[in-house]
Amino acid sequence: QVQLVESGGGLVQAGGSLRLSCAASGSIHSINAMAWYRQAPGKQRELVAAVTSYGITNYPDSVKGRFTISRDNAKNTVYLQTNSLTPEDTAVYFCNARITTIHNRVENYWGQGTQVTVSS
């Protein structure tokens, strides 16, 4: 069994920053791509950042230059540094990881989500 646990969300004023963390644990052999998604009320879940096992990153234009994804492979952890936040960034942020388990199964796993609220 694999678990992803996010932390670091909260309430911040516009222009502020937050650092989100997501730690994977359990029956992990290796972690492939890791990513952060977000979902605002009434909207579809959208990708905000992704990083491959080689460290190649990808961002949509909406967050490029403001958000930075990074990973610590030794800790099975992915981070999302969010800067220059605006009220439009308010959403529940979810961690996602494509993991090869010790049973040699490759599956996508999701965290439970962490709320980010940006006040104007």
Side-chain angles (χ1 to χ4, degrees):
Q1 191 171 357
V2 173
Q3 288 185 326
L4 300 182
V5 178
E6 298 115 333
S7 61
L11 174 64
V12 64
Q13 288 188 333
S17 300
L18 286 173
R19 189 189 192 214
L20 309 183
S21 300
C22 171
S25 62
S27 306
I28 297 170
H29 174 268
S30 61
I31 302 178
N32 308 314
M34 304 185 83
W36 288 93
Y37 288 74
R38 68 185 179 188
Q39 188 166 19
K43 294 188 177 181
Q44 289 188 332
R45 190 171 297 190
E46 62 175 354
L47 175 72
V48 293
V51 58
T52 70
S53 57
Y54 298 102
I56 298 172
T57 59
N58 181 46
Y59 306 93
D61 289 343
S62 59
V63 306
K64 197 172 292 183
R66 300 189 300 120
F67 290 9
T68 302
I69 189 170
S70 60
R71 60 190 287 174
D72 184 334
N73 292 329
K75 296 182 179 179
N76 288 340
T77 299
V78 64
Y79 305 95
L80 184 68
Q81 178 67 42
T82 66
N83 298 327
S84 302
L85 287 164
T86 73
E88 288 69 38
D89 295 315
T90 295
V92 179
Y93 284 68
F94 296 90
C95 173
N96 173 272
R98 189 161 181 81
I99 293 174
T100 302
T101 70
I102 60 173
H103 308 293
N104 207 32
R105 295 185 63 174
V106 181
E107 296 184 1
N108 275 318
Y109 292 89
W110 291 91
Q112 81 285 357
T114 185
Q115 177 71 46
V116 172
T117 303
V118 184
S119 64
S120 58

Spatial distance of atom CG (Leu80) from atom OH (Tyr93) [nearest 0.5 Å]: 7.5 Å
Value rounded to 0.5 Å, distance of CD in Gln13 from OG in Ser119: 5.0 Å
Side-chain donor/acceptor of Thr82 to backbone N/O of Leu18, under 3.5 Å: yes
Tell me, please, which residues at least two apart from [X] pass side chain to side chain donor-acceptor pair (under 3.5 Å).
X: Arg66; result: Asp89
X: Asn83; result: Ser17, Gln81
X: Ser25; result: none
X: Ser84; result: none

Of all pairs that satisfy side-chain hydrogen bond (donor to acceptor under 3.5 Å, both in side chains), the ones with a partner from residues 67-78, not counting sequence neighbours: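 Residue pairs with at least one partner in residues 67-78: Arg71-Asn73.
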Disulfide (SG to SG under 2.5 Å) pairs, two or more places apart, involving residues 11-52: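 The answer is Cys22-Cys95.
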Summary of disulfide (SG to SG under 2.5 Å) pairs that have at least one residue in residues 41-82, sequence neighbours excluded: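 The answer is none; no pair qualifies.
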Contact list for residues 45-60, test salt bridge (Lys or Arg N to Asp or Glu O under 4.0 Å), sequence neighbours left out: Arg38-Glu46
Where at least one partner belongs to residues 109-120, residue pairs that pass salt bridge (Lys or Arg N to Asp or Glu O under 4.0 Å), sequence neighbours excluded: none
Which donor-acceptor pairs under 3.5 Å do the side chains of residues 55-64 make with protein atoms, sequence neighbours left out?
residue: Tyr59; atom: OH; partner: Ile69; partner atom: N; Å: 2.9
residue: Asp61; atom: OD1; partner: Lys64; partner atom: NZ; Å: 3.4

Any residue meeting salt bridge (charged side-chain N to carboxylate O under 4.0 Å, His left out) with Arg98, in chain and number order, not counting sequence neighbours: none
Within-4.5 Å side-chain heavy-atom neighbours: Phe67 and Leu85: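 Phe67 reaches Leu85 side chain to side chain.
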Pairs of donor and acceptor atoms involving the side chains of residues 106-115, under 3.5 Å and at least two apart or interchain, shall be tabulated with distances.
residue: Glu107; atom: OE1; partner: Tyr109; partner atom: OH; Å: 3.2
residue: Glu107; atom: OE2; partner: Arg105; partner atom: NE; Å: 3.1
residue: Glu107; atom: OE2; partner: Arg105; partner atom: NH2; Å: 2.8
residue: Gln112; atom: NE2; partner: Glu6; partner atom: OE1; Å: 3.4
residue: Thr114; atom: OG1; partner: Gly9; partner atom: N; Å: 3.2
residue: Gln115; atom: NE2; partner: Ala91; partner atom: O; Å: 3.4
residue: Gln115; atom: NE2; partner: Thr117; partner atom: OG1; Å: 3.3

